Amino acid sequence: MHTEKGCLFVVATPIGNLEDISLRALNTLKSVDLIVAEDTRHSKKLLAHFNINTPLSAYHDYSKPAVTEKIIRRLTEGNNIALISDAGTPLISDPGYRLVSIAHEQGVRVRPLPGPCALICALCVAGLPSDRFLFTGYLPAKPCARKKEIEQMAESTYTWIFYETPHRIVHSLADLVHTMGPARKITIARELTKHFETVLSGTAEEIYSRVSETPEQQKGEFVVLVAGKEKEKPAVTLQAEQMMKTLMSELSLKQASSVAAKLTGIQKRELYNLGLKLNLQS
Ligand code: SAM
């Protein structure tokens with residue numbers, strides 16, 4: 001039960017497996033005065049499953065301003081309202097941005113109730129670098145715009161994540177192979193938390209072949225993750241590496257770094273550390 005009044009709760013709901021709903025989400029959905037959802041018919045099923053009888057009304061980012069105003073008025077009058085989407089976290093390729101933004105303008109407190117989100121679930125199991133990533137929602141539907149976006153992302157060194165639909169997945173994978181090259185590492189995460197959950201990792205070419213040749217792999221909901229472009233080593237580093245390898249086969253690490261420093265002008269300490277790294281790798 002919430003003691004505070006006039007709060008907008010942004011509540012994440014499952015992306016497949018209903019057991020993923022949190023206790024806090026259930027308690028909040030039961031106790032608020034109103035739930036606003038992008039598709040009330042869809043959300044009714046979820047709420048019925050958990051025996052939640054809270055009044056429900058529709059909200060979309062393209063709802064008429066009067067709809068948003070009414071929700072904000074109820075909040076400022078002290079009603080607690082929960083925002084949910086069809087699945088996952090509201091505002092993530094889902095409605096809610098306008099409502100949250102206006103709530104801020106009107107001094108309404110907005111609180112998050114974290115939970116399932118397809119892009120985060122996919123990132124956790126993709127086996128790709130997760131320290132820096134970019135999420136861009138759905139790829140554009142038109143081939144030209146889609147190719148342009150892939151071209152732009154080809155240079156990024158961050159893991160790139162996007163959502164894709166079943167009827168476009170093969171085309172997008174083909175464009176990835178074409179634009180980023182067959183060897184770029186990618187992962188596709190399909191039907192996460194559901195019966196046919198599949199996570200495929202490999203080169204762009206391998207994944208394209210697998211998906212295009214297997215109709216079952218084209219069904220359901222997809223998250224696509226693309227490894228960032230590998231930073232090219234500067235030529236001087238490659239040259240120093242080669243030199244250290246050769247010298248270290250004849251001399252001690254200390255002597256090798258001293259000779260290499262004289263030949264390359266790179267600091268002895270830097271070359272010594274490089275030698276240590278090369279020793280560890282061999
Ligand atoms: N708000 C949601 C979230 O938090 O992830 C995303 C909503 S967006 C309208 C729906 C898209 O998310 C799907 O087309 C698919 O790309 C991705 N998605 C949602 N559920 C998924 C799942 N169980 N497995 C894989 N992708 C999923």
Side-chain angles (χ1 to χ4, degrees), residues 8-22 24-25 28-29 35-43 45-47 49 58-63 82-101 110-128 130 133-142 146 149-150 153 159-173 175-176 186-201 207 210-211 214 216-226:
L8 175 63
F9 296 93
V10 180
V11 182
T13 56
I15 56 169
N17 190 327
L18 293 183
E19 289 182 13
D20 290 336
I21 197 144
S22 74
R24 190 163 161 240
T28 300
L29 293 174
I35 297 171
V36 291
E38 61 170 322
D39 179 344
T40 51
R41 271 188 311 179
H42 181 98
S43 294
K45 291 182 203 151
L46 175 84
L47 299 175
H49 178 87
Y59 171 78
H60 214 285
D61 277 337
Y62 48 75
S63 293
L83 167 69
I84 59 173
S85 55
D86 285 357
T89 303
L91 280 84
I92 306 300
S93 292
D94 265 339
Y97 160 67
R98 263 176 50 78
L99 181 61
V100 170
S101 155
V110 185
R111 298 196 62 189
L113 269 79
C117 178
L119 80 101
I120 299 297
C121 292
L123 183 61
C124 296
V125 293
L128 295 177
S130 53
F133 62 90
L134 280 170
F135 169 66
T136 56
Y138 285 101
L139 271 190
K142 295 207 172 116
R146 182 174 68 224
E149 181 155 332
I150 295 176
M153 296 307 300
T159 296
W160 175 33
I161 309 175
F162 62 88
Y163 286 161
E164 196 45 286
T165 58
H167 57 281
R168 289 205 292 263
I169 185 75
V170 174
H171 301 294
S172 296
L173 290 174
D175 287 348
L176 280 176
I186 69 167
T187 296
I188 56 169
R190 182 174 78 93
E191 294 289 271
L192 291 169
T193 78
K194 304 187 209 178
H195 184 70
F196 291 109
E197 179 179 280
T198 318
V199 178
L200 298 177
S201 292
I207 301 300
R210 177 85 191 270
V211 175
T214 326
E216 288 75 44
Q217 292 297 338
Q218 298 166 23
K219 292 180 186 155
E221 299 193 278
F222 294 89
V223 183
V224 182
L225 305 98
V226 183

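First listed ligand is number 1; within each ligand, the first listed atom is number 1. This structure is a prediction, so every number in the text was calculated from the model and none was measured.
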(request) Considering the heavy atoms of E164, write down every atom of ligand 1 situated less than 4.0 Å from one of them. (result) 16 (O)
(message) If you take the nearest heavy atom of each of I92, T89, T165, L119, which one is closest to atom 4 (O) of ligand 1?
(response) T89
(message) So is A87 touching ligand 1 or not, going by heavy atoms under 4.0 Å?
(response) yes
(message) If the contact criterion is a heavy-atom separation under 4.0 Å, does T193 count as touching ligand 1?
(response) no
(request) Considering heavy atoms of the protein only, find what lies nearest to atom 20 (N) of ligand 1 and give residue, atom and distance to 0.1 Å. (result) E221 OE1, 3.3 Å
(message) Heavy atoms only, cut-off 4.0 Å: how does I15 contact ligand 1, side chain, backbone, both, or neither?
(response) both
(request) Report yes or no: does R98 contribute a side-chain atom to a donor-acceptor pair with the main-chain N or O of Y62 at less than 3.5 Å? (result) no
(message) If I take atom CG from residue D175 and atom CD1 from residue I150, how far apart are they, to the nearest 0.5 angstrom?
(response) 4.5 Å
(message) Would Q217 and L200 count as a side-chain contact (heavy atoms from CB on, under 4.5 Å) here? Give the steps.
(response) CA-CA 10 Å; Q217 292 297 338; L200 298 177; 3.9 Å; yes
(request) Show which atoms of ligand 1 fall inside a sub-4.0 Å distance from at least one heavy-atom site of A189. (result) 25 (C)
(request) For Y163 and L119, indicate whether the former's side chain and the latter's backbone hold a donor-acceptor pair under 3.5 Å. (result) yes
(message) Among all the protein's non-hydrogen atoms, which is closest to atom 18 (N) of ligand 1, and how far away is it?
(response) A118 CB, 3.5 Å
(message) Can a donor-acceptor pair be found, under 3.5 Å and without considering hydrogens, that links the side chain of S172 to the backbone of R168?
(response) yes
(request) Starting from atom 9 (C) of ligand 1, locate the nearest protein heavy atom and write down its residue, its atom name and how far away it is, to 0.1 Å. (result) S93 O, 3.2 Å
(request) Identify, by atom number and element, the atoms of ligand 1 in contact range of E191, meaning under 4.0 Å from any of its heavy atoms. (result) 23 (N), 24 (N), 25 (C)
(message) Does only the side chain of A12 get under 4.0 Å from ligand 1, or the backbone, or both, or neither? Count heavy atoms.
(response) neither
(message) Using modelled atom types and a 3.5 Å cut-off, is there a donor and acceptor pairing between side-chain atoms of E191 and backbone atoms of E221?
(response) yes
(message) Using modelled atom types and a 3.5 Å cut-off, is there a donor and acceptor pairing between side-chain atoms of Q218 and backbone atoms of V211?
(response) yes
(request) Quick one: look up the protein heavy atom nearest atom 24 (N) of ligand 1 and list residue, atom name and how far away it is. (result) L192 N, 2.8 Å
(request) Spell out, as yes or no, whether a donor-acceptor pair under 3.5 Å connects the side chain of T13 to the backbone of V11. (result) no
(message) Keeping T89 on the side-chain end and P116 on the backbone end, is there a donor-acceptor pair under 3.5 Å?
(response) yes
(request) Report the member of F135, F162, Y163, Y138 with the shortest heavy-atom distance to atom 10 (C) of ligand 1. (result) Y138
(request) Give the single entry among D94, I120, V223 that approaches atom 26 (N) of ligand 1 most closely by any heavy atom. (result) V223
(request) Specify the protein heavy atom at minimum distance from atom 16 (O) of ligand 1: its residue, its atom name, and the distance to 0.1 Å. (result) F222 O, 2.6 Å
(request) Could you tell me whether a side-chain N or O of E38 sits under 3.5 Å from a main-chain N or O of S85, the two making a donor and an acceptor? (result) no
(request) Report, in ascending order of atom number, the atoms of ligand 1 lying under 4.0 Å from any heavy atom of K194. (result) 23 (N)
